[in-house]
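First up is the structure itself, then whatever we jot down about it.
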Amino acid sequence: MLRLKRIIPMLMALLMLTLALYPGHGQANAQSASSTDEKRTLTIGLSPDFAPYEFLMTVDGKSKVVGSDVMIAEEIAKDMGAELVIREMSFDSLIPALQSGRIDMIISGMTPTDERRQNVDFSDLYYTSRQVILTRSEDVDKYKTMDALQGEQIGVQTGSIQEEIANSIPDAQVTAVKTISDVVSLLSSDRVNAAVFEGPVAEAQVKNRPGIAIAEAVPEDSDTPMAIAVQKGNTELVNEINVTLERLRATNAVDGFIQQANELNSGETAPSNIFSFFWKYRGFYADGVKYTLLLSALGVLFGFLIGLLIALLRLSGVKILKWIAVTYIEVLRGTPMLVQLLIIHFGLASAFDIKFSVLQSGIITLSLNSSAYLAEIFRAGIQNVDKGQMEAARSLGMPRGMAMRTIIIPQAIKGVLPAIGNEFVVIIKESSIVSFIGVADLMFQANAVRTLTYSGLYPLVIAAGIYLVMTLILSKLLNVLERRLSAGDSR
Amino acid sequence: MIAVKNLQKSFGKNNVLRGIDTEIKKGEVVVVIGPSGSGKSTFLRCLNRLEDVTGGEILFEGQPITDKKHNIDKTREKMGMVFQQFNLFPHKSVLDNITLAPIKLQGLSKVEADKRAEALLQSVGLADKKNAYPAQLSGGQKQRIAIVRALAMQPHVMLFDEPTSALDPEMVGEVLDVMKKLAEDGMTMVIVTHEMGFAREVGDRIVFMDGGVIVEEGTPEEVFGAPKNVRTQDFLSKVL
């Protein structure tokens, strides 16, 4: 156990280092855009699956966010003399991220609806697009008018203006999913029969994916204006943005940006062989694996330590400590990890101004969640150690704590090693959930490749394969460790 | 050395000890016998407070160890205990089993502790097993190691809780021999056992317990030769 004593400070140091290494990860706040003493940064949030406004491209094997919105943001940053920082996240995470001060503004083809205006302030409009109905090519004649869509299965992106339009169609059965590529997948896999899309976005999709087409039906009030969102009350920033927008409007620059972006988005031809596909995008997956491993390793290590502490509290025999431990375990096991993640990342930020970076939030969530499961595993392990062991240790004069550390816990951990190994494997898989708030883990990168290549299957199969390889290697390592630890049993 | 005054112990409503009064002198070997359920093991476990007492008092070397404020860990360092199930630490080697407490509690260096352990192992004939793990030993060997582990703390008294009951018959002798030698060297010992021959040979005093009280005590000749109490006679007629 002397070893454990040495490991704990090491882990702490490791955590500090990790947190120090990623200080800016999603941590920019509203003040940074208006502070003048340092080099200014302008941190924007966007959901890069909205070609031609914002989308990903492979540049030298790395993904890069490009699009007309990015070009506009670059102009704004230039006028402000600030450095542009782009944060990618899912569309419905944008407003919480803005409210919690993680980003300075949202430029992501966002329409200033009354509902959104209650939560954020908007700049002047910078572009107005129309909405269209996307269907499979063979159904294109079915939907000549909006009436034809009544009672139809319709796909949209969650939290988007298109979702509102779809919901206003009588009897429509609306399926809302996270990304544009998911919506298109719904359509091509016959799960929905039509989808509401932004005009230029739909055109980009039609250009790059076979079998889909734009129908004649046009949603009423389909003119959809776009504006830049900032934190409520940040009029200073709105004014600065509006100056730039005014300048761009004078030269009709935005139309030019969209045309440029459309040309950029001529579609990458992804290899049709899964191996060459993987090879082409290996850079994405390698980046993702790094984050997944970092998250899982730290999540499991801290989960291990916290879990052990909780198990000891639970077995302490002190009523109040036991109650705290039981509550901790039940709450963390009885609520979805996604909810925990969102509370830690967005909830704490907006309620208490505690702003963790996405990576910190991911690690904290995984640690807390796994600690609850590990606590129960440890408890079972400790209770399975023969009562005589504690008695023998105490009879030699060891205080309870020393007996626990040197005699009981090492035996308990050895006994539950297979169960701990299982939990490690679970954490590697579950860590994929952090892609939701924008940690660039393996799942996140797989989605990025999907968006990039308009390919529905390969990016996910490759991700699954990599997860499998990681969990298999881990199982093997645990087997070896188990064998080495069983030095004392000759049976 | 140990004075027991009106010792009582109950588990819930079950009164296991109903007032024990006795005294154990330095160098004395006291053997506690009696039918199962008589409370003899509980009595022994109360002596080093593995069981908390319900009533009465125990003085060890003049100190009231049943007092809640008394640091029992310090006292236990002077009271070795040997269990029926050996309770060796399975994840530690024989040497580590023995040296763990002296190093951690008495501040011995590894070298000093090893030296002490090796001498003790030599005396019980197990010097060659120092690097073995408990699972590689026979029951008799395990119990001899357990005795050495307790002795390594250089205790003032040794408590034995049915040390041969879990052993195969052919291994009982080797453990009893070690205990006999210990007694000859003048160790104060309290032994709970069913080995009547051993009790008669090694015991300075025999304590017969039944129903949570001491029914009869005396020299082996008195208790085994001419038991006065009916319950003692009845018990001895069954086991001898």
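Quick note on labels: first sequence line is chain A, next is B, and so on, each numbered from 1.
At least one cation-pi condition fails for A/Arg333 and A/Tyr328: the charged atom is not both under 6.0 angstrom from the six-membered ring centre and inside a 45 degree cone around its axis.
Ranked by heavy-atom pairs under 4.5 Å with chain A, the first of B/Phe83, B/Phe86, B/Phe89 is B/Phe89. Contact tally against chain A (heavy-atom pairs below 4.5 Å) for B/Val82, B/Ile72, B/Thr75, B/Leu50: the top residue is B/Leu50. Chain A forms more heavy-atom pairs under 4.5 Å with one residue of B/Met81, B/Arg49, B/Arg149, B/Lys78 than with any other, namely B/Arg149.
Taking both residues in full, the closest heavy atoms of B/Leu167 and B/Pro163 are given as CD1-O, 4.0 Å, listed atom of the first, atom of the second, then distance. Heavy-atom minimum distance, B/Gly80 versus B/Ala150: CA-CB, 4.0 Å.
Looking at B/Met153, the atoms closer than 4.5 Å to chain A (heavy atoms on both sides) all sit in the side chain, from C-beta outward. Contacts of B/Leu88 with chain A are made by backbone atoms alone, with heavy-atom separations under 4.5 Å and no side-chain atom involved.
Salt-bridge check for B/Lys110 with B/Asp114: passed, with a basic side-chain N closer than 4.0 Å to an acidic carboxylate O. Of the charged side-chain nitrogens involved, at least one lies within less than 4.0 Å of a carboxylate oxygen, so that B/Glu77 and B/Lys74 count as a salt-bridged pair.
Below 4.5 Å, heavy atoms of chain B meet heavy atoms from A/Asp386, A/Gly388, A/Gln389, A/Glu391, A/Ala392, A/Ala393, A/Arg394, all part of residues 372-394 of chain A.
Here the side chains of A/Ile409 and A/Leu312 are in contact, with some heavy-atom distance below 4.5 Å.
Side chains of A/Thr327 and A/Glu330: a donor-acceptor N/O pair is absent below 3.5 angstrom, by distance only. For the residue pair B/Ser93 and B/Asn131, no side-chain donor N or O sits within less than 3.5 Å of a side-chain acceptor on the partner.
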